Amino acid sequence: MAPEKKQKRLFGTNGVRGIIGKDMTPDLVLHIGEALGTMRKGCIAIGRDTRTSGDTLAGAIKSGLLATGCDVVDCGILPTPALQYIVRENYDGGAMITASHNPPEYNGVKIIEPDGTEMGDEDTIHLEELIANRTFPVRSWDKVGREFANPHLVNEYTRAIISKFPKEPGQRMTVVVDPGSGPACATTPVILRALGCRVLTINGIMDGTFPGRLPEPSPDGLFGLSALVTASGAAFGVAHDGDADRAVFVDETGQFIDENQEFALVAQYICQKSKGTLVTPVSTSQMVEMVANQAGCDVMYTPVGSIYVARTMRKLINEGKPVVFGGEGNGGLIFPDHQFCRDGGMTAAMMVAILASTRMPLSELIRTLPKRSIIKEKIATRNGLRVIEKLSGIYTHEQVDLTDGLKIRRGNSWALVRASGTEPLIRIMVDADDAQQGDAFFMELKDHISHALLSMG
Ligand code: MG
């Protein structure tokens, strides 16, 4: 595990989140604004998703930024990747009010750096110290910031994606979009229509009560999307999480596509076109590495968390190395030609391009991917890190990767054991060539873990 991950208290790997009125209050967000305004100068762009508490928290963060001398531009409701794009193009930083895939009662803040990436660990720890110590130099009447509003900046984001697909690959293609009443109601249908698609929507009206489904686009919430896809003869359906940095898909038969398969399919398409490195966390299915290798690309692994993927991609590119693609096995994909963050709208557009170029139904394309047998399980314990230390001693003669937890590699199969950063448990993942091998690997590991836990009493 990366040591810096353990030091953050308030912010997790995806910003700070909590339940409104409980651990997430305007007070806290005001202090985040004051701390950010103390660290950064210039003009900070503010965005929010469709949550009912969005206005309250946006007001609080703007107040903190203005009081400490920053200007702010309010971009209104828009996807997180749209704000990241706008910040990179125009501003000195950003703050997104969102709780991503969490239920409606949650909200939170994600800080965006001038280059459009999320704030890194070192700066986040500094920000947290400022918040804890409440040491903000509040400016005098002639030094406070000014507020502007620009709800039209989101069009820069949609135009940027559309410009990547000049041949209108979506002609004669029907697509169903489920933005889940979130901010992509105003972006993904616009993008896909500009690509030539006939677009139908479900849950396509912004609503912070999320009347149609919860912000997490899990298969059980997407039955309406599946039904509309099959009824309309659509090529695919796409659904976003609450801030539309992720996209998940159903095929033309209405079948939900596993996010690792989605990742592998897009990886295959991109790696066939350009050569270089693909960057992803250690928890991503081996099928992604297999398709990348087959197409002549290599894979670099990072700790779990999209920010580690994005920053590794930036670092490699700064070193002059070609980086073709990145992402996580949860529908959060990063296209370095576009920007260094997960982008659900770009992912939806890319699926149109893939289907147009291969002229095969999505279900058939998925069947061409390598088959994997995947097991995921959690074990409750407070001794996660000690267990991993013990296991590391057992597997010294095998090929191991200590990027995040312990990953034991055997050919194309592997097992990963990680201690949760937020809960008292360890997560086990096995990704194997077939079920028999996977079960055996899993049982072996579980045995070692049970022994290790027993010895700790
Ligand atoms: Mg999200």
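Counting convention: from 1, in listed order, for ligands and their atoms alike. FYI, side chains are in, hydrogens and waters are out, and symmetry mates aren't considered; it's all heavy atoms of this structure. Treat the numbers as computed from the prediction; the structure is a model and nothing was measured.
Distances from the Mg ion (ligand 1) to the N/O/S atoms of Asp243 are shortest for OD1. When the N, O or S atoms of Asp241 are ranked by distance to the Mg ion (ligand 1), OD2 comes first. Among the heteroatoms counted here (N, O or S) of Asp245, OD1 is the one nearest to the Mg ion (ligand 1).
Aromatic rings from Tyr308 and Tyr301 are positioned such that their centres are separated by 6.0 Å or more.
Between Leu130 and the options His31, Met39, Glu34, a side-chain contact (heavy atoms from CB on, under 4.5 Å) holds for only Met39. Arg40 pairs with exactly one of Asp92, Asp71, Asp123 by the salt bridge (Lys or Arg N to Asp or Glu O under 4.0 Å) rule, that one being Asp123.
We find that Asp401 and Arg409 are not joined by a salt bridge, their nearest charged nitrogen and carboxylate oxygen being 4.0 Å or further apart.
Among the atoms of Ser100, an N, O or S atom falls under 2.8 Å of the Mg ion (ligand 1).
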